[in-house]
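Report on the structure given below.
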2 protein chains.
Amino acid sequence: MAGERESHDSVRDLLDPRRMLVFAEVARFGSLAGAAQALGWTQPAVAQHVRRLERDTGCTLVVRTSRGVTLTEAGHSLAAHAEAITARLRAARADLSALTDLRAGRVRLSAFPSACATFVPAAIALLWERAPGLDVRLTEAEPDEARRLLAAGDADLAVTFDYDNVPDASTQTARIKLFDDTMLLVVPPAHRLAARSDIDLAAATDQRWIAGCPRCRAHLTAAAAGCGFLPDIRHSTDDYVVTQTLVAAGLGIALLPALALEAARDPRVETVELHRHTPRRVSLTSPPDIPPSPATRALTSALVEITAPRRMRTLPG
Amino acid sequence: MAGERESHDSVRDLLDPRRMLVFAEVARFGSLAGAAQALGWTQPAVAQHVRRLERDTGCTLVVRTSRGVTLTEAGHSLAAHAEAITARLRAARADLSALTDLRAGRVRLSAFPSACATFVPAAIALLWERAPGLDVRLTEAEPDEARRLLAAGDADLAVTFDYDNVPDASTQTARIKLFDDTMLLVVPPAHRLAARSDIDLAAATDQRWIAGCPRCRAHLTAAAAGCGFLPDIRHSTDDYVVTQTLVAAGLGIALLPALALEAARDPRVETVELHRHTPRRVSLTSPPDIPPSPATRALTSALVEITAPRRMRTLPG
DNA sequence: TCGGCATCAAAGCACAGCTTGGGCCCGCTC
DNA sequence: GAGCGGGCCCAAGCTGTGCTTTGATGCCGA
């Protein structure tokens with residue numbers, strides 16, 4: 001109630017846009033009665049609007065004639081703007097329905113490297129086939145970075161992974177599990193572990209290790225701890241191609257997810273399945289509390305559908 | 001009241017533009033409370049508008065966060081249109097004030113030939129000096145044609161003339177008298193009437209005449225009838241240059257208004273003032289019932305001012 | 001743990017604005 | 001020329017939109 005210093009060009013002293021729409025009808029029909037009929041109103045209702053508009057603008061807008069009304073120069077000027085406003089309103093509604101009908105819209109996806117190299121492109125292609133108007137953008141990012149993007153509003157959806165045995169500092173996010181990604185032991189050919197099947201991590205107590213990203217390294221450490229040893233980590237790399245090269249060179253062994261090996265398999269290494277080793281969980285993560293846009297929902301569906309075979313495959317396992 | 005088949009894309013199912021304006025404020029401030037303050041309202045009022053807008057569009061437009069609201073993709077789309085609408089409203093008001101401030105606008109003037117050749121250009125120049133933004137358009141037309149233009153809405157103002165002794169078939173028009181235009185007898189040099197001064201038309205009973213436009217011809221006939229004779233009209237022309245050429249050639253004498261002689265004076269003719277001859281009345285004529293636009297009023301003023309000396313001159317006469 | 005600032009919800013009240021019912025004026029038609 | 005239809009206006013009345021008030025909740029920063 002205090003006399004706030006108000007902006008001298010506030011929205012408050014704009015012309016009432018509804019009267020503009022009414023005036024556009026008057027201009028279109030050339031009579032108050034015609035406009036009234038178009039609006040489903042009576043004639044005095046329209047007359048009141050026009051009168052108010054003339055009062056507000058301080059201009060005579062129409063001249064009453066025996067057969068309807070004719071616009072003055074000011075009236076023509078105003079009618080042109082009014083017509084533009086109705087066009088805008090139509091365009092606004094059209095744009096919104098384009099968004100809901102997936103004829104337009106943008107969705108920014110973030111995914112970790114091996115997902116980007118395997119099922120993500122197929123999901124995007126599927127979505128693109130269904131909704132060619134969508135603007136789908138992919139950013140490669142490890143889970144922690146992806147969560148940061150989501151929180152900052154720089155991504156709408158993220159393909160992430162996590163391990164049951166690694167604590168997760170995620171803020172509250174909505175997550176949909178896609179599938180379990182089996183962890184495989186990667187060893188050089190003719191390695192003593194290569195021949196065996198169904199071993200567990202305890203068999204590798206004496207090995208030198210090549211670790212991955214911090215999260216994967218934490219998983220390795222935790223898993224090894226579960227088997228009662230501290231892994232002897234000699235090298236580190238995020239890159240699953242580099243990891244395999246290092247293994248092939250005999251610098252150590254590694255634990256890699258099946259997805260990474262599917263993305264790029266070095267023929268010079270061999271893989272060993274581990275007995276009852278916890279897989280990594282691949283999930284879709286959305287920002288908390290903000291409802292997904294139609295485009296985001298469509299991308300979510302595409303990703304869920306594309307990964308359906310992987311859920312089948314790992315379910316019995 | 002019957003269920004008229006209504007247009008399937010009527011103005012009635014457009015989004016309420018006032019809500020759009022409110023939403024534009026919400027988008028600008030990023031919070032309902034901020035928008036409310038800008039509008040001079042309370043926060044729930046704004047919240048209601050946004051809710052209604054979301055209901056009408058069927059889209060979630062904003063996400064309520066702990067620190068205000070953030071717009072969804074649909075919200076951004078809508079806000080852009082809303083911003084365009086506020087811009088239109090501002091532009092509409094600006095255009096109207098440009099019209100009233102004479103920074104814009106159009107005025108179409110019609111004037112008879114000798115007026116076009118004398119004071120009309122000066123009046124237009126005066127107006128142009130005062131209001132460079134105006135679009136002033138001149139059409140040369142005799143009074144009857146001018147009145148037709150006014151009635152058809154093809155002219156806003158007309159410079160016309162009329163004679164007291166000639167009946168006027170004008171529909172109702174608003175008229176401002178500018179000045180009296182003295183009628184002069186035009187004779188060849190060394191004509192017997194040339195030497196005399198202060199004669200009246202009766203002195204020219206025996207002359208051959210060159211008549212002008214129908215209206216001027218009617219005036220001549222009526223004036224002659226007042227003096228008891230029927231003029232012997234041999235030639236007719238609208239053009240006052242032609243008239244003087246014919247007079248100079250000795251084909252007859254003529255009655256020309258002073259304005260015509262001021263516009264173009266053939267040195268081979270002489271003029272004689274007539275005693276108590278009714279002048280022609282030069283006036284401004286406007287369309288009936290339609291209020292003049294600011295530009296028309298300004299042109300009217302300019303014409304009145306420019307012709308002030310002529311009123312002075314003829315007043316005592 | 002508390003205060004500030006944002007949100008939402010429900011109820012009440014005022015005024016905008018549409019309707020009704022009158023009247024006038026013009027132009028067309030019979 | 002008179003009747004009629006269709007445009008306009010005015011004044012009064014009532015409905016419903018829409019703003020305010022009041023009260024409660026939730027999250028962040030101190």
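Values below: all heavy atoms of this structure, side chains included; hydrogens, waters and symmetry mates excluded. Protein chains get the first letters and strands the later ones, always in sequence-line order, with residue 1 at the start of each.
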[atom1] of [X] versus [atom2] of [N]: gap in Å, rounded?
{"X": "A/L32", "N": "D/dC9", "atom1": "CG", "atom2": "C1'", "value": "10 Å"}
{"X": "B/R19", "N": "D/dT17", "atom1": "CZ", "atom2": "C1'", "value": "9 Å"}
{"X": "A/W41", "N": "D/dT17", "atom1": "CH2", "atom2": "C1'", "value": "13 Å"}
{"X": "A/D56", "N": "C/dG17", "atom1": "CG", "atom2": "P", "value": "10 Å"}
{"X": "B/R55", "N": "D/dG18", "atom1": "CZ", "atom2": "C1'", "value": "14 Å"}

Sequence neighbours left out, what passes ring pair (Phe, Tyr, Trp, His ring centres under 6.0 Å) with B/H81? Give chain and number order.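 Result, ring pair (Phe, Tyr, Trp, His ring centres under 6.0 Å) vs B/H81: none returned.
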Restricting to nitrogen or oxygen on both sides, can you table the protein-nucleotides 28-30 of chain D pairs closer than 3.5 Å?
none

Taking only the side-chain heavy atoms of [X] (C-beta and beyond), determine which of [options] contains the nearest atom.
{"X": "A/A45", "options": "C/dT7, C/dC18, D/dG18", "answer": "C/dC18"}
{"X": "A/S31", "options": "C/dT19, D/dC8, D/dG18", "answer": "D/dC8"}
{"X": "B/Q48", "options": "C/dG17, D/dT20, C/dA6", "answer": "D/dT20"}
{"X": "A/P44", "options": "C/dT7, D/dT20, C/dG21", "answer": "C/dG21"}

Hey, does the side chain of [X] come within less than 4.0 Å of [N]'s phosphate (OP1/OP2), counting only N and O?
{"X": "B/T42", "N": "D/dC19", "answer": "no"}
{"X": "B/R18", "N": "D/dG18", "answer": "yes"}
{"X": "A/R64", "N": "D/dC9", "answer": "yes"}
{"X": "B/H49", "N": "D/dC19", "answer": "yes"}
{"X": "B/Q43", "N": "C/dC8", "answer": "yes"}

Report yes or no: does A/E73 contribute a side-chain atom to a donor-acceptor pair with the main-chain N or O of B/R106 at less than 3.5 Å?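 At least one qualifying donor-acceptor pair exists.
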Shortest non-hydrogen contact between A/A302 and A/L127, atoms and distance: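 Looking at all heavy atoms of both residues, the shortest contact is CB-CB, 4.2 Å.
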Side-chain ion pair, [X] and [Y], N-O less than 4.0 Å:
{"X": "A/D135", "Y": "A/R137", "value": "yes"}
{"X": "B/R175", "Y": "B/D162", "value": "yes"}
{"X": "A/R281", "Y": "A/D164", "value": "yes"}
{"X": "A/R51", "Y": "A/E54", "value": "no"}

Nearest heavy atom decides the nucleotide; on that basis, is A/G68 or B/R52 closer to the 5' end of DNA chain D?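 On the 5' side of the pair lies A/G68.
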